[in-house]
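Right, one structure below, let's go through it.
Positions are given from 1 along the sequence. Given the structure is predicted, the values throughout are model-derived calculations rather than measurements.
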Amino acid sequence: MDDHTAEYWARQLRIGAAIAAVVTAIGGLRIALGWDGVQRWWLLPVMLAVASQVAIFPLPWARLVRGERARRWLKAWWLAEMPVMLLFGWVDPDGWMLYVPAVVLLLITAAALWSPRFVIALGVMSISGYALLLPARAGADLGTTLVLVAMMCCIVGLTALYAKSRRSLDSRRRHAEQRAETLLAASADAVIAVSSDNRIVYATESISQMLGLSRQSLVGRRVDDLLTDEQVQPAHEFFDALNALPLGQSLRIESQLRGADGRWVYVDVLATNWVDDPDVEASVVSLRDIGARRELEEKLHQQAFTDSLTGMPNRALFRQRLDEAVTGHEDHPVTVLLLDLDDFKLVNDNLGHSAGDELLTTIAGRLRRHVRPSDVLARLGGDEFAIIMRDLEPGDAAALAERLVRTIREPIRLGSRDITCSLSIGIATSVPGDANGDQLLGNADLAMYAAKRAGRNGYAIFDPTMTMSVLEEAQLRIDLEHALEHDEFAVLYQPVVDMQTQSVTSVEALVRWNHPRDGLLGPYHFIAAAEANGLIVPLGRWVLREACAQLAHWRAESPAAASLKVNVNLSARQFQYAGLVDDVAGALDDAGLDPASLTLEITESMLMEDIDTAKRTLHALRELGVRLAIDDFGTGYSSLSYLKQLPVDVIKIDKTFVDDVDTDADDVALVDAVAGLGQALKMQTVAEGIETDAQWVTLRRLGIDHGQGYLFGRPADARQIRALLDGVRTISA
């Protein structure tokens with residue numbers, strides 16, 4: 001028997017006991033007023049019966065009726081009522097009249113609890129007694145008796161139908177409740193009903209799966225028992241707000257509940273106010289376990305704000321912590337250190353990305369040892385790290401930067417080799433009362449690049465003058481763009497001669513800037529800036545086309561230029577530009593030159609930045625038919641094996657090895673080795689920066705093929721080169 005049925009039985013039994021007590025009391029009143037004095041002793045047992053019926057009224061019927069034995073005794077009580085009423089109707093002169101309403105009341109109360117079969121059995125007994133009383137005590141004839149008995153049969157039939165309808169409704173209700181319970185039990189959500197005093201009055205079976213507590217153990221307990229001390233007051237406020245809502249309105253919240261094993265379960269709480277509904281009188285609370293979702297959210301949060309390689313905060317979390325630091329502590333300085341590894345790309349290129357990752361992990365571990373628990377150490381991406389520090393004493397940031405530079409310089413073992421890294425650090429400190437996270441990070445960035453410009457492997461502290469340097473760079477970019485648009489650049493040409501005859505064999509194209517304010521500027525004033533901001537590509541394309549067009553013009557004007565060649569330097573970014581081969585082919589086609597007339601010069605360091613890509617580019621250029629030269633040879637770190645793989649025609653020896661070649665035995669040995677290397681690989685050699693006859697004589701003796709320098713001619717404009725060609729016979733290279 002469920003709770004609802006037990007409560008119904010208890011209510012009906014109390015109603016039946018009250019009716020029985022009233023009917024019995026009416027019988028006692030009848031005895032007291034209508035019976036002879038000698039028979040009034042019956043009043044005593046009647047009053048005892050009334051007292052007993054009143055006494056059973058407060059019994060815990062909701063618990064008692066759950067037992068089969070108690071229900072059998074109740075059936076016996078109903079059956080015992082029938083002969084007692086028959087006896088009263090027989091003894092009392094007018095008892096046959098009282099018998100009918102008493103029997104009807106008995107049948108009605110029985111129909112509210114018992115089965116139609118039991119009601120019919122009581123009805124048969126009541127009809128039998130009525131059929132006996134009518135002719136014997138009321139003096140009714142046969143016809144009257146039959147009519148009244150038939151009417152009693154109708155009453156019995158109606159009460160039996162009522163009992164059947166009630167049973168059917170109860171069955172449907174139980175089935176509906178069972179379906180609801182089954183659905184609730186199958187649902188991952190648990191449902192509890194909480195009374196206005198925050199006690200649990202109902203719980204579904206799902207609660208045991210969620211918390212490990214049985215529903216029986218929860219019913220009657222306060223919700224507070226499932227909460228932490230900190231959650232009790234917010235929970236009370238939540239239910240107060242819920243109960244203040246209109247009937248049927250809901251509130252939602254996320255909370256934690258304590259399970260049977262002491263663990264905390266994250267739940268999504270959807271509570272609906274049904275406190276004022278007489279059928280519910282509670283808040284209905286749906287609980288959904290969101291532990292898996294919270295775990296996933298935490299994992300996603302960690303992925304979103306944590307660097308997967310080092311486990312440090314990433315750029316997003318760093319920016320968030322930086323904003324919190326500068327806005328939450330406006331009266332206290334915040335210091336940012338921006339750290340960048342020097343030449344980390346070479347590690348990835350030469351040893352592979354796995355070695356690079358191992359290097360970054362090791363460096364991250366070293367950095368952690370030097371920061372305080374309250375500091376924020378983050379990896380912003382690539383080889384860039386950052387630190388947020390608060391309340392540093394003057395000089396502490398610089399001392400920390402020195403320690404970090406030293407610790408990073410310690411060798412790191414990667415595989416079978418030791419790697420030494422260096423670090424450039426920019427330091428910026430906020431000004432109290434004028435804190436801005438973006439500006440602070442930008443200042444640290446400026447300082448870091450200042451450290452790199454100062455030679456790397458060190459640190460720099462932000463100074464407002466650094467901003468002026470950035471502004472100057474921005475202005476230089478604007479000026480360079482203007483110069484490209486308004487043809488402010490010019491090309492000068494420096495002769496390259498045969499070392500034996502000093503005849504001009506080719507000219508090297510050198511760009512200059514006719515600045516409207518500063519006059520003619522050499523490449524050192526603008527090439528680095530053009531390379532940094534990407535303008536070197538259109539500038540290099542212009543120089544290439546100008547040089548090819550000028551060579552075609554010389555050849556058309558002077559027979560002496562028939563075999564002349566032109567050399568054009570390629571910058572690092574221009575060499576990496578995907579459209580380089582098309583640019584070269586276009587310049588040659590527009591000028592009408594054969595490709596062998598053009599020599600492209602690439603520095604040794606440019607080739608070694610990415611040797612595989614360099615080989616592909618050089619072979620593509622070689623397929624056009626142009627000649628290729630390695631410029632500044634000896635200043636890089638190329639190996640003989642790489643040099644053999646490259647389709648190179650010319651090796652140009654850097655000026656630093658030419659300056660003392662007539663006096664320094666080491667330089668002589670080096671140049672002699674390069675000359676022998678050129679002969680072995682069938683490459684021509686060119687010595688740069690020749691300024692004296694002694695250098696020329698020594699280089700010629702060592703077997704260098706061509707020379708270039710002030711001894712033979714300074715960079716000159718096209719008109720001067722034309723005059724030089726007309727005065728000097730040129731020979732084929």
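With hydrogens and angles disregarded, no donor-acceptor distance shorter than 3.5 Å links the side chain of Arg69 to the backbone of Arg72. No donor-acceptor pair under 3.5 Å is formed between the side chain of Thr407 and the backbone N or O of Arg403.
Annotation: side chain of His370 is not in contact with side chain of Ile387 (no heavy-atom distance under 4.5 Å). Looking at Leu338 and Ile425, their side chains never come closer than 4.5 Å, going by heavy atoms from C-beta outward. At least one side-chain heavy atom of Thr272 sits under 4.5 Å from a side-chain heavy atom of Trp274.
Within the structure, every pair that satisfies the salt bridge (charged side-chain N to carboxylate O under 4.0 Å, His left out) test and touches residues 232-252, not counting sequence neighbours, is listed here: Arg252-Asp268.
Residues passing the ring-ring contact (aromatic ring centres under 6.0 Å, His included) test with Tyr130, sequence neighbours excluded: none.
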Between Asp375 and Arg372, is a salt bridge (charged side-chain N to carboxylate O under 4.0 Å, His left out) present by the stated rule, with each step listed? CA-CA 5 Å; Asp375 300 333; Arg372 305 170 301 184; 2.9 Å; yes
Show your reasoning for whether side-chain hydrogen bond (donor to acceptor under 3.5 Å, both in side chains) applies to Ser354 and Asp357. CA-CA 5 Å; Ser354 59; Asp357 290 345; over 6 Å; no
Might you work through the side-chain hydrogen bond (donor to acceptor under 3.5 Å, both in side chains) test for Ser217 and Ser214, ending with a clear yes or no? CA-CA 5 Å; Ser217 65; Ser214 66; 3.1 Å; yes
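Under a 4.0 Å N-O distance rule, the pair Asp170/Arg167 does not qualify as a salt bridge. A salt bridge does not link Arg288 with Glu254: every distance from a Lys NZ or Arg NE/NH1/NH2 to an Asp or Glu carboxylate oxygen is 4.0 Å or more.
Asn243 and Ser196 are not linked by any side-chain donor-acceptor pair at a separation below 3.5 angstrom, with hydrogens and angles left out of the test. In this model, a donor atom of one side chain and an acceptor atom of the other lie less than 3.5 Å apart for Thr228 and Gln231.
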Report all side-chain donor-acceptor pairs from residues 55-63 shorter than 3.5 Å, counting only partners two or more places apart or in another chain.
residue : atom : partner : partner atom : Å
Trp61   : NE1  : Ile56   : O            : 2.9

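Rounded to the nearest 0.5 angstrom, Leu423 CG and Phe344 CZ are separated by 12.5 Å.
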